[in-house]
Amino acid sequence: MKIDRSRLEQSVQQLGRIGETPRGGLTRLALSDDDKRARDQMVAWMREAKLRVRVDQMGNIFGERPGTDALPPVMMGSHVDSVPTGGKYDGQLGVLCGLEVVRVLEEHGVQTRHPLTLVIFTNEEGARFQPAMIASGVMAGKIALEDAYNARDKDGLRLGDELERIGYLGSEPCLPRPLRAYLELHIEQGPLLEEEGLSVGVVEGIVAIAWSRLTIHGVQDHAGPTPMRIRHDALVAAAEVVGGIRLIAKELGGDTVTTVGNLTVQPNIVNAIPGRVVLSIDVRDPRDEALDRARPMVERVVKEACEREGVRWELEHYWRVPYTPFDPGVVAAVERAAKATGARYRRIRSGAGHDAQYMAAIAPAGMVFVPSRDGRSHCEEEFTPMDDIEHGANTLLGAALDLAGQAGEGRTR
Ligand SMILES: [Zn+2]
């Protein structure tokens with residue numbers, strides 16, 4: 001039994017037209033009108049595949065296919081929201097490959113012992129409402145429902161109100177539920193699979209992530225009459241911090257990555273010395289101890305840069321998630337399935353956060369990666385070849401069947 005490649009390809013194209021950008025990318029922010037249209041399309045396809053559709057209090061959509069036994073379901077899914085001018089594969093592919101798995105089982109009249117549930121999580125990207133992965137976070141009990149409802153976008157609109165506006169404020173409680181497993185297919189968003197000519201990544205876990213926020217208080221003044229010798233320029237200190245943070249990755253070596261991705265400069269005009277800069281610091285590594293070592297290094301870089309420029313600073317380390325290992329049993333099932341497809345594969349770690357990270361807290365979880373061309377994502381150029389998607393989807397099918405147990409074919413592992 002194999003997935004139907006042309007049907008899957010068609011669905012990818014059809015869903016990709018909702019929110020399509022002129023350059024062939026995707027802008028489909030969470031809870032926007034386009035997000036509603038994409039959800040409606042998915043719900044229609046789920047019903048066609050005979051799934052029972054339910055929506056929870058966070059707007060997460062579940063399509064349930066009964067099993068033969070009274071057992072917890074195997075859940076598969078991802079998200080359909082995107083970043084602005086993003087691509088048609090991030091999230092979309094996981095949801096559509098999950099749908100294809102269900103379609104193929106339906107077509108072949110295959111029943112499983114455990115039920116299968118297709119899930120679409122709300123606001124995974126965090127592009128419109130922060131934090132990212134907010135709805136799987138609520139489901140895993142890591143974020144309070146009220147806090148999630150009160151998240152606001154840049155125009156001040158509340159997540160809870162927007163859910164209601166697009167008709168996806170469901171009644172089902174958003175709580176941890178017993179699951180046999182959670183499986184998510186996703187694009188790699190890095191270059192490794194493509195560089196090594198592989199189709200499938202068997203994901204072992206998600207790297208540890210630490211976020212800090214640095215506020216630098218300089219002295220705002222006129223860019224003309226103020227001599228260089230009396231300046232306290234917040235942006236000059238920030239520039240040194242940016243360079244220093246990059247060097248930390250080099251010093252730690254291994255797989256450490258460090259990024260300053262967001263700067264807010266005040267007043268941000270041509271003829272004033274910047275008085276205040278707020279910047280973000282993102283440090284990731286598979287080893288939790290590398291983050292422990294990075295923290296005093298970040299503090300040293302900030303202290304030295306700010307003292308040199310004679311400016312005050314505040315540094316907050318406000319978010320950290322440890323390395324998330326996936327369930328060895330689920331990883332093994334994904335690996336067996338990858339092998340059975342004949343695809344070239346390897347074990348890999350995810351450098352990006354996914355809903356699977358929160359799901360791993362409440363269920364045995366695992367992921368299937370497919371390559372990203374040039375390692376790129378969150379951009380209009382995002383692309384995965386159909387040959388790889390086919391191998392990835394067949395891996396998802398095999399792993400789901402393995403974990404859910406085909407009825408009348410012995411016991412599940
Ligand atoms: Zn994603």
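In each ligand, atom 1 is the first atom listed, and ligand 1 is the first ligand listed.
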N/O donor-acceptor pairs under 3.5 Å from side chains in residues 239-248, not counting sequence neighbours:
residue, atom, partner, partner atom, Å
Glu240, OE1, Arg308, NE, 2.9
Glu240, OE1, Arg308, NH2, 2.5
Glu240, OE2, Arg308, NE, 3.3

Give every donor-acceptor pair under 3.5 Å between a side-chain atom in residues 197-210 and any protein atom, sequence neighbours left out.
residue, atom, partner, partner atom, Å
Ser199, OG, Asp388, OD1, 2.7
Glu204, OE2, Arg347, NH1, 3.1

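Each of Asp81, Asp155, Asp153, Asp34 was checked for a salt bridge (charged side-chain N to carboxylate O under 4.0 Å, His left out) with Arg128, and the lone residue meeting it is Asp153.
The Zn ion (ligand 1) has His79 NE2, Asp90 OD1, His186 NE2 as protein N, O or S atoms under 2.8 Å away.
No more than 12 heavy-atom neighbours from other residues, nucleotides or ligands sit within 6.0 angstrom of CD on Glu164.
Aromatic ring orientation, Phe369 versus His354: perpendicular (interplanar angle above 60°, classes split at 30° and 60°).
In terms of the side-chain contact (heavy atoms from CB on, under 4.5 Å) criterion, residue partners of Glu20 (sequence neighbours excluded) are, by chain and number, Arg17, Lys88.
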